[in-house]
Amino acid sequence: MDSKAGDLFSAEPADAAGSGGVMGKLWLPKGLSATVAKEWFDRRRASIRPWAGFVDHRKFTKPRNFGELCQRVVRNFDTYNSNYIFIFLGLILYCIISSPMLLIALAVFVGAFYIIHLKSLESKLVVFGKEVTGPHQLSLAGAVSFPVFWLAGAGAAVFWVLGATMFVIGSHAAFRELEGGSEMEELFMEPV
């Protein structure tokens, strides 16, 4: 049962046995930790292209045909992947900040999950005679906060963010000239 000590899906915190810490480890899905998230974020930040070149209006032109449009979209997604992720995160942040009810709904969700987590650290959380595991605790917090999310219009916010992201990123990827475009044209247009 030693393997269960490191299992993030177990109901007991990994350091509960003898560590004496007041705050235990917060339950997270397997493979997701603060260090993994920080490493991913740092890799994305390191591979970001300069924003001045990203929004340079002189580099935007209409594609000549559908083939060039497809090529631009694919290559620009590869080139500006990190920039696009930060645009997506910025749109999510804007949506959350601009909707006070959505902020309240998120606070209710985080608060419900935190209270359930604290109760489970004191003793195993038991509902109707059955022990509640970590994933079930998260589901319980979601069920408690679902009415508030529904009243806040979270569904509309999700679709707004997806639509705005697709429009902004799709427009940029389609109309932004490829990096080193003239060199690539010469490669493709050599006589045979």
Side-chain angles (χ1 to χ4, degrees), residues 26 28-114 135 138-139 141-189:
L26 184 62
L28 291 172
K30 206 175 244 184
L32 181 65
S33 67
T35 56
V36 171
K38 184 175 178 359
E39 288 172 7
W40 178 85
F41 187 78
D42 289 342
R43 273 186 281 134
R44 288 287 159 206
R45 207 174 70 201
S47 66
I48 200 164
R49 303 289 291 224
W51 289 103
F54 180 78
V55 295
D56 185 8
H57 67 1
R58 294 170 297 190
K59 300 278 185 169
F60 288 88
T61 60
K62 180 180 158 192
R64 290 185 300 245
N65 54 33
F66 186 70
E68 184 181 1
L69 174 87
C70 292
Q71 184 182 18
R72 281 185 182 188
V73 169
V74 170
R75 296 252 326 270
N76 281 334
F77 274 139
D78 283 343
T79 305
Y80 296 107
N81 190 343
S82 295
N83 295 67
Y84 294 153
I85 288 174
F86 280 101
I87 288 174
F88 176 67
L89 294 175
L91 286 171
I92 289 174
L93 188 64
Y94 168 76
C95 188
I96 290 171
I97 290 173
S98 66
S99 173
M101 278 299 288
L102 199 53
L103 279 171
I104 292 170
L106 285 171
V108 167
F109 175 72
V110 169
F113 183 67
Y114 186 67
L138 186 59
S139 300
V144 166
S145 59
F146 178 76
V148 183
F149 276 118
W150 184 71
L151 288 173
V158 166
F159 285 109
W160 181 87
V161 167
L162 290 176
T165 301
M166 287 174 50
F167 177 76
V168 170
I169 292 174
S171 298
H172 183 274
F175 293 110
R176 175 72 163 80
E177 290 178 352
L178 298 175
E179 295 287 320
S182 60
E183 298 167 4
M184 293 305 291
E185 286 178 16
E186 291 175 9
L187 283 175
F188 290 123
M189 300 183 84

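Heavy atoms only: backbone and side chains are in, while hydrogens, waters and symmetry mates are out.
One finds the CD1 atom of Ile92 at 8.0 Å from the CG atom of Leu162 (value rounded to the nearest 0.5 Å). Separation of atoms CZ (Arg44) and CG (Asn83) is listed at 10.5 Å; rounding is to 0.5 Å.
Looking only at side-chain heavy atoms (C-beta outward), Leu106 and Phe149 come within less than 4.5 Å of each other. In this structure the side chain of Phe54 never reaches within 4.5 angstrom of the side chain of Arg49, judged on heavy atoms.
The minimum heavy-atom distance linking Phe88 with Val161 is given by the pair CE1-CG1, 3.7 Å. The minimum heavy-atom distance linking Ala154 with Leu102 is given by the pair CB-CD1, 3.8 Å. Closest non-hydrogen pair, Phe109 versus Ser145, comes out as CD1-OG, 3.3 Å. Pairing each heavy atom of Arg176 with each of Arg72, the nearest pair is O-CD, 3.6 Å.
Within 6.0 Å of atom CZ in Phe77, more than 12 heavy atoms from other residues, nucleotides or ligands are found, so the atom counts as buried in its surroundings. The environment of Phe60 atom CZ is dense: over 12 non-hydrogen atoms of other residues, nucleotides or ligands sit within 6.0 angstrom. Within a 6.0 Å sphere centred on CE of Met166, heavy atoms belonging to other residues, nucleotides or ligands number 12 at most.
Of the possible donor and acceptor atoms, none in the side chain of Ser99 sits under 3.5 Å from a partner among the backbone N and O of Cys95.
Test Thr165, Val168, Asn76 against Tyr84 for side chain to side chain contact (heavy atoms under 4.5 Å, CB included) and you get one pass: Asn76.
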Check step by step if side-chain contact (heavy atoms from CB on, under 4.5 Å) holds for Leu178 and Glu68. CA-CA 10 Å; Leu178 298 175; Glu68 184 181 1; over 6 Å; no

